[in-house]
Number of protein chains: 2
Amino acid sequence: MEVVMKPTIKDIAAKSGFSIATVSRVLGNKTGSYSEKTQIKILKVAKELGYRKNSVAVDLVKKRSDVIALIINATPTNFSTQIIDGIQQRASELGQGVIILYAGNRDNGLQHKAIITALERSVTGILLAAIEPDEQDLALLKASRIPYCFVSLYLGTRDILAVSSDNRDLAYQATQYLIDRGHTRISLVGIDGYHTGSQRQAGYRDAMAANQLTAADILSGDYSYESGVKLLQQVHDQGVTAVIAASDMVAAGLLTAAQQQGLTIPRDLSIMSIDGTIICQITTPALTSVTQDFYRIGSQSVNKVMGQPAEDFIPVVITERASVAVQK
Amino acid sequence: MEVVMKPTIKDIAAKSGFSIATVSRVLGNKTGSYSEKTQIKILKVAKELGYRKNSVAVDLVKKRSDVIALIINATPTNFSTQIIDGIQQRASELGQGVIILYAGNRDNGLQHKAIITALERSVTGILLAAIEPDEQDLALLKASRIPYCFVSLYLGTRDILAVSSDNRDLAYQATQYLIDRGHTRISLVGIDGYHTGSQRQAGYRDAMAANQLTAADILSGDYSYESGVKLLQQVHDQGVTAVIAASDMVAAGLLTAAQQQGLTIPRDLSIMSIDGTIICQITTPALTSVTQDFYRIGSQSVNKVMGQPAEDFIPVVITERASVAVQK
DNA sequence: CTGAAAGCGCTTACAG
DNA sequence: CTGAAAGCGCTTACAG
């Protein structure tokens, strides 16, 4: 029974009386290489048969996919939607589809697997969002002939394509903002020591130093809500008047825990968040933040991986809400 | 220069002195069909050449991908991470990869495009998460020979595979919970009239009726934070003592707006949320919720689309936090 | 255990 | 404008 088989151009050729070459041309819209009558006939037959192109075959012969692979992990903070929107939008303008490969939450195995999957599918380019690559990942990527670009992560070298906020500058601005409001004892909380984390640590330290202030011990964490909750006590012990939270989620955790301790924010503690997602609006008080332009980070990274001119660093902006008080 | 070309099994065959058939067998691990010496030799050459399999070619000849396509849209509430985790986990247990196709935010065009993309790539199955299909989408899906399953959406018929919470029951439970705590004037807020929405509306109405209570006008919205903010005034005008929010985001919006109006939650208004994501912990007070088991919804949907036994409806649970007061 | 050959569903010079 | 043929990189009966 033919019924059960997916129809191919061969079926269309047989039924229409043309060769598969001609069928391929009209289906592929190679305008000018077929007559209108032929087109009409073939299109009609294709529709009758319920024909649907087999992209796998097309990709094989064309040796490329016209799809960008986006590898992303489940970060505790939910900025990914904006990044994805930016990527999708720009990719579609450039005629590229995008498939998302999920790398778990900082799961090195999954991450590696995702890279390999992308490599094996002859994608146009690979985007790695918020992925901290290990040596192996990097070696794999470098050995491939496929362009790749890190998104929202700067590896510290121009040799590797990347689009992100300038994390040093971002933390510097956050710190300076607090200093400008009279704070002198300021802490940085919930951060790790990978690329993004250490760049932010540097920005924080530089700003403190530039203002002749001594930096507090940095409180390590993993950017999560739980980190924030857990670290509040240490923040309190530090005796600081203001904190910079490594992410909106850390800020939210800090806030909840502080309130449970009976603290009033921002009177007893000012919180400056990093990211500026909708989380900042949900909390009470709303969180003042250094806001990243994730959409633009996404769209520019597509430009970059497609070999078009693109910005390296996307400017951030400070969004004043209600979690920072002026220190007398 | 050979250097620039990606090596193929033909290159390995040439360099190792074996035929491409044998190369294919050892690379494909067809144990028993080659000698150990051969294996060692071929693997060595493959490594030297930096060989990487071309999955596109493999898929073409095998006529299937061993990947599940997950089509997902950017819902205002961020439960997707949990669904994805569940899907990824179960899929990998079954030897399936998963690619995610992003359908924007209720964007019918993108949604349709995503379905077509999946159809053209001979995936093992298609999962549609929180997607309300239109006629066209459904026709497309039905016409294909690829199994598909809706995730977190029940179309109201057993003919179409789906795994979700029982949304009627979910809303019924939420309503009954409030009634049990003395509330009689209860509203349902931020919901739409599609499948999930109307099922919840029915559950709400049924519970009210079963308790001889009159249902308030349902306040329509799109499950977003903004909906919650915008609808608070109407909730207030209704004079209810408790609301069921269509999602965590709606609940958060309601809460923020209420607090801005000077209301104290839950004293002045009890809020019962639907979803139970981390958002519920972030707000002050924390939101009591009907909590869905998104992870399980995800993993069971994989079973279902792979033709394995699976549950249709995943039980929900009520998580008491601090946004519901007992009404005297 | 191994190889020659056919074939997966397309595209694209080449020739007419 | 159209068709016959080669080929994309693999897998897998078939024969030995």
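From a predicted model like this one, the values you see are computed outputs, not experimental measurements.
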- Message: Among residues at least two apart in sequence or on other chains, which ones pass side chain to side chain donor-acceptor pair (under 3.5 Å) with Arg64(B)?
- Response: Asp66(B)

- Counting any heavy atom closer than 4.0 Å, what does Ser33(A) reach on the DNA or RNA strands: base, sugar-phosphate only, or nothing? base

- Inter- and intrachain pairs under salt bridge (Lys or Arg N to Asp or Glu O under 4.0 Å), touching residues 89-108 of chain A, at least two apart: Arg90(A)-Glu93(A), Arg106(A)-Asp192(A)

- Note on the structure: Contacts of Ser92(B) meeting side chain to side chain contact (heavy atoms under 4.5 Å, CB included) (sequence neighbours excluded), chain-then-number -> Lys113(A)

- Would a distance-only check, ignoring hydrogens and angles, find a side-chain to backbone donor-acceptor pair under 3.5 Å from Ser122(B) to Asp59(B)? no

- Let me know which of Val151(A), Ile314(A), Asn303(A) forms a side-chain contact (heavy atoms from CB on, under 4.5 Å) with Val163(A). Ile314(A)

- Nearest 0.5 Å, what's the OG-CZ distance between Ser165(B) and Phe313(B)? 9.5 Å

- Item | Secondary structure of DNA chain D in dot-bracket form (Watson-Crick or G-U wobble, distances below 3.5 Å, | marking inter-strand pairs) | |||.||||||||.|||

- Item | Residue pair Phe294(B) / Ser152(B), side-chain heavy-atom distance below 4.5 Å | yes

- Could you please spell out the steps behind the side-chain contact (heavy atoms from CB on, under 4.5 Å) verdict for Leu140(B) and Arg52(A)? CA-CA 10 Å; Leu140(B) 215 51; Arg52(A) 191 153 301 287; 3.4 Å; yes

- Note on the structure: Letter by letter from the 5' end, nucleotides 6-16 of chain D scores (B base, S sugar-phosphate only, - none; protein heavy atoms under 4.0 Å) -BBBBBBB---

- Rounded C1' spacing from dG16(C) to dT12(C) in Å: 16 Å

- Item | Lys10(B) backbone acceptor or donor facing Thr8(B) side chain under 3.5 Å | yes

- Donor + acceptor pair across side chains of Tyr154(B), Asp166(B) (<3.5 Å): no

- Note on the structure: Numerically ordered, the residues 37-47 of chain B set in heavy-atom contact under 4.0 Å with DNA chain D is none

